Protein chains: 2
Amino acid sequence: MGNINIRALAKELNLSISTVSKALKDSYEISVETKKRVLALATELNYSPNPYASSLRRKKSNTIAVVVPEVADSFFSLAIKGIEEIAQEKGYHVLVYLTYENYIKEKKILEEFKNGRVDGLLISVTSETTDSAHISDADLNNIPIVLFDRVIEELEMAKITTNDFESSYAATRHLLDGGCINIFYLSISKCLGINNKRIEGFIQALSDRNIKFDDSNIVNCSNDINDNEHLLTALLTQNNKPDGIIAGVEKLITPVYSICKQLHIKIPEDLKIASFSNSPVAHILNPSLTTITQPAFEMGKMAATILFKAIEKKGYTIKSENAVLRSTLFIRESTAPAATGLCPSFDLF
Amino acid sequence: MGNINIRALAKELNLSISTVSKALKDSYEISVETKKRVLALATELNYSPNPYASSLRRKKSNTIAVVVPEVADSFFSLAIKGIEEIAQEKGYHVLVYLTYENYIKEKKILEEFKNGRVDGLLISVTSETTDSAHISDADLNNIPIVLFDRVIEELEMAKITTNDFESSYAATRHLLDGGCINIFYLSISKCLGINNKRIEGFIQALSDRNIKFDDSNIVNCSNDINDNEHLLTALLTQNNKPDGIIAGVEKLITPVYSICKQLHIKIPEDLKIASFSNSPVAHILNPSLTTITQPAFEMGKMAATILFKAIEKKGYTIKSENAVLRSTLFIRESTAPAATGLCPSFDLF
DNA sequence: CTGAAAGCGCTAACAA
DNA sequence: TTGTTAGCGCTTTCAG
C-alpha cells in the first residue's frame with residue numbers, strides 16, 4: 001500500500017533495519033542467504049523505497065532540472081528528448097520548467113534549486129535575460145550547471161552551443177549568391193548572445209560583399225504572434241522591400257509564409273527565405289524551406305552528459321567545458337536562384 | 001551556501017526551531033514582531049527550505065509526473081505545455097518521463113511512483129500498452145491518476161480524450177465527398193484504444209456510403225522511420241492504389257509527402273490526404289494539409305486541473321471524470337476536390 | 001505566543 | 001555478518 005517501509009520488512013524478517021537496508025543495496029557485508037530473504041519479501045510486499053528519505057539522508061536527489069523558454073518548438077523538444085534519454089540511462093529524474101521567455105519566471109524557478117531539490121541544472125535562458133545573477137546564485141550553491149544554446153557568455157560555466165556566427169554567415173552568403181541585395185534578418189531579442197552572434201555572421205557576410213545595410217535590416221520581432229504579423233506585414237509592404245530574409249527562429253516562418261501567400265509575394269522569385277529551424281517538415285513546405293538546422297538532440301545529450309560528469313565525480317569541474325557543435329545548412333526551394341527549378345536539398349558543410 | 005537550515009536561523013535569533021518553522025509558514029500563532037525578524041534573517045542568509053525534508057515529513061511531494069511516449073511531437077509538446085502551466089500556477093513541480101513507445105519502459109517508470117515521489121500522475125500510454133496492471137498498481141498506492149489522449153478504456157480512472165470516432169468519421173466523409181473511393185487509414189498501433197476509435201469512425205463512414213473495404217485498407221505503421229518509408233512506398237505503388245489517405249498520427253505526413261513528391265503523385269489530384277496533427281505549419285505545407293487538430297494545450301490544462309482537484313481535496317475521487325474535448329477539422333488544399341482551387345480552412349464542427 | 005520533543009524513512013558510522 | 005544508534009531538515013502535536 002505504499003506505507004510498507006524498511007522497518008516493516010525488518011520486523012517481518014526479524015532483522016535489523018540496517019541489515020535490510022544493506023541487503024537491499026546488495027552490500028557485500030550481508031550474507032547471500034539474508035539478501036535472498038529480504039529481496040523475496042520486498043518483492044512480495046511490493047516494497048519501494050521512499051526517495052525523499054533517501055535524498056534527505058544522502059543529500060542527493062537523483063534529479064536534474066531542465067529550464068527552457070518553450071517546449072512547443074522543435075529545437076527545445078529535441079533537446080529535452082536528448083536530455084531525458086541520458087537521464088533515463090543514468091537513473092535520474094528530470095524536472096522540466098518553462099519560462100515562457102519571462103525573466104522573472106526564470107529567476108523564480110532558479111530560486112527553487114538552492115536547497116537540494118536537484119543535483120544539476122541545464123538551462124537555456126529567456127530572450128529577456130541580461131542579468132545572470134540568478135544563475136550565479138545557483139552556482140554558488142554548488143549545483144553543477146550546463147548552459148546550452150542560449151547561453152550567457154560572461155558566465156564561466158559549461159556551455160554547449162552551435163556555430164551561430166558561421167552558419168548565419170553561410171546562410172547569408174548563400175542568399176547573396178542567389179542574387180539578393182537587400183536581406184533582412186528577423187531577430188528575436190536584442191539581448192540574447194546567440195542572437196547577436198547570428199546577427200554578426202549576417203552583417204559580416206554583407207560587409208564581405210560590400211552590400212550596404214543599416215540597423216533597419218535587423219527586425220526585432222516579439223513573442224506575440226499578432227505583433228509579429230503586423231511587423232512582418234509592414235516589412236513586406238514597405239518601400240524598401242526585402243528580397244531576402246533570414247529568420248533567427250523557427251516560429252517566424254509560419255507568419256512569413258502566410259503573409260507572402262496573402263500578399264502574393266512569390267518565394268523564392270520575389271523573396272528568398274532561410275530560417276534557423278529544426279522543424280521536421282521544412283522540406284515539405286510550400287516551397288520547401290532552406291534551413292540552418294542545429295543538432296538539437298545531440299546538444300541535449302551532450303549537455304546532459306557533461307552535467308553528469310560533474311554530478312558523478314565530486315569536485316570535478318566542468319566550468320571550462322565549451323562544446324561548439326555544427327549546424328547544417330539545408331538548401332531547399334525557398335532560396336533557389338532565379339530561373340532555376342527545384343533544388344535538391346543537401347548538406348552544405 | 002545551501003547548508004543554512006532552519007536550525008541555523010533559530011540559533012542566530014535565539015528562538016526555537018519550531019517557532020522559526022511556524023514563522024516561515026506565517027502561522028497565526030507567531031507574533032508579528034517575531035515573524036519579521038525571522039523573515040529578515042531568512043532573506044539575509046538566503047535561506048531556502050529543504051524540499052525533501054518537508055516532503056518526507058508531510059508525505060507530500062508537491063510534484064507531479066507526466067509520462068508520454070514522445071516529446072518531439074506537436075501534440076505532446078502542447079499537452080506538456082498546458083500541464084506545466086497549471087502546475088506552475090499551483091506551485092507544483094513537473095517530472096517528465098518519455099517512454100519512447102516502449103511498454104517495458106513505461107512499466108519501469110511507473111514503478112517509481114509507488115513511494116511518494118509524486119502526488120499525482122498524468123499519462124498517455126505507449127502504442128504497445130495492452131496490459132494496464134502497472135497503472136492500476138500506481139492507483140492502488142493512492143496516487144491520483146489522469147489518463148489523457150491515449151487512455152485505456154477498461155481502467156476506471158479520470159480520462160481526457162477527444163472525439164476520435166466523430167472526427168475520424170468527419171474526415172473520412174470529407175474525403176468521400178471529395179470523390180475518393182479507395183481510402184487507406186494509416187494506423188500506429190493495433191492495441192491503442194484511441195486508434196481503434198479512429199479506425200471505427202473511418203470504417204463507419206465508409207459503410208455509411210456503401211464503400212467496400214477490407215483489412216488491407218488499414219495500414220499498420222511502425223515506430224521506425226525506415227520501415228515506414230518502405231511500407232508507404234509499397235502502399236503508394238501497389239496495384240490497388242489509394243486515392244485518399246487518413247494519417248492517424250502527425251509524424252507519418254513527412255514520409256507520405258516526400259514519397260508522393262518522389263513518385264510524382266499529385267496531391268490532391270491523385271491522392272487526397274488528411275491527418276491527425278497539431279503541427280503549426282500544416283497550412284504552409286505544399287500543398288497545405290487538411291488536419292484533424294486536437295485541442296492539445298487545453299487537454300493538458302484540463303488533465304492537470306482535474307488532477308489537482310484530486311490532489312488538493314483529500315478523499316475526493318475523480319475516477320469517473322471523463323471529459324471528451326472536440327477536435328477541429330481544418331480543411332485545406334490536400335483534400336481539395338478535383339478542379340477546385342484553394343479552400344479556406346474552417347472549423348467543421 | 002514560544003518551545004520541547006517525536007518522528008517522517010532511510011543511511012552510515014560504529015559496535016558487537 | 002548483523003545490530004545499534006544518530007541523524008538528514010522539517011513539521012506538528014502538546015506543554016508551557
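No experiment lies behind these values; they were computed from the predicted model shown.
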Rounded distance in Å - [atom1] ([X]) to [atom2] ([N]):
| X | N | atom1 | atom2 | result |
| --- | --- | --- | --- | --- |
| A:Leu24 | D:dT2 | CG | C1' | 15 Å |
| B:Asn50 | C:dC8 | CG | P | 18 Å |
| A:Lys60 | D:dG9 | NZ | P | 16 Å |
| A:Leu56 | D:dC8 | CG | C1' | 4 Å |
| B:Leu15 | C:dC1 | CG | P | 14 Å |
| B:Asp26 | C:dT2 | CG | P | 13 Å |
| B:Ile30 | C:dC1 | CD1 | C1' | 6 Å |
| A:Tyr28 | D:dT2 | OH | P | 14 Å |

* Could you tell me whether the side chain of B:Ser55 and the main chain of B:Pro51 form a donor-acceptor pair under 3.5 Å? => yes
Worksheet entry | Donor-acceptor under 3.5 Å (B:Lys60 side chain, B:Asp119 main chain) | no
To the nearest 10 degrees, the angle between the two end axes of the helix from C:dC1-D:dG16 to C:dA16-D:dT1 (five pairs per end) comes to 40°
What are the two closest heavy atoms between [X] and [Y], and how far apart are they?
| X | Y | value |
| --- | --- | --- |
| A:Gly116 | A:Ser61 | O-CB, 3.7 Å |
| B:Tyr47 | B:Ile4 | CD1-O, 3.4 Å |
| A:Lys81 | B:Ala72 | CD-CB, 4.4 Å |
| A:Gly300 | A:Ile83 | O-CG1, 3.4 Å |

Contact under 4.0 Å: [X] side-chain N or O vs [N] OP1/OP2:
| X | N | result |
| --- | --- | --- |
| A:Ser55 | C:dC10 | no |
| B:Thr34 | C:dT2 | yes |
| A:Asn5 | C:dG9 | yes |

**Prompt:** Cut-off 3.5 Å, side chains only: do B:Thr129 and B:Glu106 have a donor facing an acceptor?
**Reply:** yes
### Query
Hey, does A:Val32 have a side-chain heavy atom less than 4.5 Å from the side chain of A:Lys35?
no
task = Could you tell me how the ring of B:Tyr52 sits relative to the ring of A:Tyr52: parallel (under 30°), tilted (30 to 60°) or perpendicular (over 60°)?
result = parallel
In 5'-to-3' order, the base (B), backbone-only (S) or no-contact (-) status of each nucleotide in nucleotides 11-16 of chain C, using a 4.0 angstrom heavy-atom cut-off, is BBBB--
